There are 2 protein chains.
Amino acid sequence: MTNQPSARDRVLTAYEELLINDGPRAATLEAVAAAAGVSKGGLLYHFKSKEALTEGLVLKLRELAELDFAAMAKDPLGCASYYVRTSVFSGTTFDRSIVAAMRLAQGEDGTVRKAFAEVHATWYKLILSDVGDPAVSRAIMLLGDGLYYHAALFGIASGSEPTTVDGESVDVAALLNVVAQMRSGPRS
Amino acid sequence: MTNQPSARDRVLTAYEELLINDGPRAATLEAVAAAAGVSKGGLLYHFKSKEALTEGLVLKLRELAELDFAAMAKDPLGCASYYVRTSVFSGTTFDRSIVAAMRLAQGEDGTVRKAFAEVHATWYKLILSDVGDPAVSRAIMLLGDGLYYHAALFGIASGSEPTTVDGESVDVAALLNVVAQMRSGPRS
DNA sequence: AATTCTATACCGTCCAGCCGGTACAGTAAA
DNA sequence: TTTACTGTACCGGCTGGACGGTATAGAATT
């Protein structure tokens, strides 16, 4: 109920946007407030401290992750394929949450890191249940992580342009082929 | 010449250490100076500004990268194998430089990002020259990136303990098997 | 005594958090 | 239907502390 972009929501997405585009250092309370079209005091009304703001972001991340798990589990092409496909940054709400949180995690925040670890663990379980082999699962996870890592490192223009790695756009289809190849002959 | 741990070197590695263990926010000039057993003034004597300090770190990274390229090119097991093996964090000087720089890159520093992009490009060329197929090369790179990303995210105790992913230690041998598997049948 | 290096005191800026206010909507006694 | 009161949403100035950088005086090495 009442799901227009409330001030609170605007603040949260503004925080994400600033983290993604300008890094954690630029994401000051004032800057976030300004980007959300709210005063600093207004922001502080919704989030009592910067830590609370971060907690809000983590909560959002967790909620979106739950949805992602569900979609992953019922994907017709399987969890592994789903993971690789969705790991290339495409501007989803979830994508943005992840990259924003990643920026924070590098900073120092323990809460964010913990959330990440937990989400990762679930992903791994899902992929393992799909492909069977632990080493292959790990490899697939790492590949997806690498994809996100690139998205987090090199700024993402605010649109939803295709992810690039060192200037070249990523060929997802080719990547999926490689993944299929490494699934074809699992070692113990 | 003169390669005892000079004050300058100590400052640089202290900076890296703080970046790795406590994040960029904690790596203040005073904290770095203290960790290096030097006063703030002493630090500023060697590096005129924080930016200069970062440049020093980037320079070190570039120099170590050159050595790594050489070792990679002449590795008996090939570039791809070398890359995967050395991507699991093992506490090397180079490892530490990379992770430290990674922390900074997330912050906002353009210089660091640029250096990263260049190093990455060279790695990619080397791996491509080894495995032939672009998609496979990309996959191998991403896999290695994922490994480093984990090292950067979850703090690394100051020793040289084996890298862990979500609590489990990484089985490099198994990973190399998977890589070998995906090299065995490259699709166009 | 000159150069190299170290230590300390200090300044300006920036930022998180605080606080005293404003606006307004509901509500309920008169 | 006015008046008084309460709670929610939001504003913007202020402050105290931290941090980057400067100045400068002193110690050690040559």
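Here is how names work: the chains are called A, B, and so on, in the same order as the sequence lines, proteins then strands, and each is numbered from 1. Please read all numbers here as calculations on a predicted model, not as lab measurements.
- The separation between A/Glu30 atom CD and D/dC14 atom P is 13 Å, rounded to whole Å.
- An OP1 or OP2 oxygen of D/dC10 is reached within less than 4.0 angstrom by a side-chain nitrogen or oxygen of A/His46.
- A donor-acceptor contact under 3.5 Å is not formed by the side chain of B/Lys40 with the base of C/dA7.
- Here C/dC14 presents its C1' atom at 17 Å from CG of A/Asp22, a figure rounded to the nearest Å.
- Taking only side-chain nitrogens and oxygens, B/Tyr45 comes nearer than 4.0 Å to OP1 or OP2 of C/dC5.
- Taking the six-membered ring for Trp and thresholds of 30 and 60 degrees, A/Trp123 and A/His120 have ring planes more than 60 degrees apart, a perpendicular arrangement.
- For B/Leu29, the side-chain atoms get nearest to D/dG20 when compared with the rest of D/dG20, D/dT8, C/dT8.
- Both B/Gly41 and A/Ser49 sit near DNA chain C, but only B/Gly41 has its closest nucleotide nearer the 5' end.
- Spacing between atom CZ of B/Arg25 and atom P of C/dC14 amounts to 15 Å, rounded to whole angstrom units.
- Minimum atom distance to the side chain of B/Ser39 is reached by C/dT6, of the listed C/dG17, D/dT8, C/dT6.
- No donor-acceptor contact under 3.5 Å links the side chain of B/Lys48 to the base of D/dG21.
- The B/Leu44 side chain lies nearest to D/dT22 when the options are D/dT8, D/dC11, D/dT22.
- Between B/Arg85 and B/Asp75 there is a salt bridge, since at least one side-chain N of the basic residue sits less than 4.0 Å from a carboxylate O of the acidic one.
- Counting to the nearest Å, the C1' atom of D/dG21 and the NZ atom of B/Lys50 are 12 Å from each other.
- We find that B/Asp9 and B/Lys60 are not joined by a salt bridge, their nearest charged nitrogen and carboxylate oxygen being 4.0 Å or further apart.
- The aromatic rings of B/Tyr149 and A/Tyr149 are tilted relative to each other, their planes meeting at an angle between 30° and 60°.
- We find that CZ of B/Arg10 is positioned 11 Å from C1' of C/dC5, with the value rounded to whole Å.
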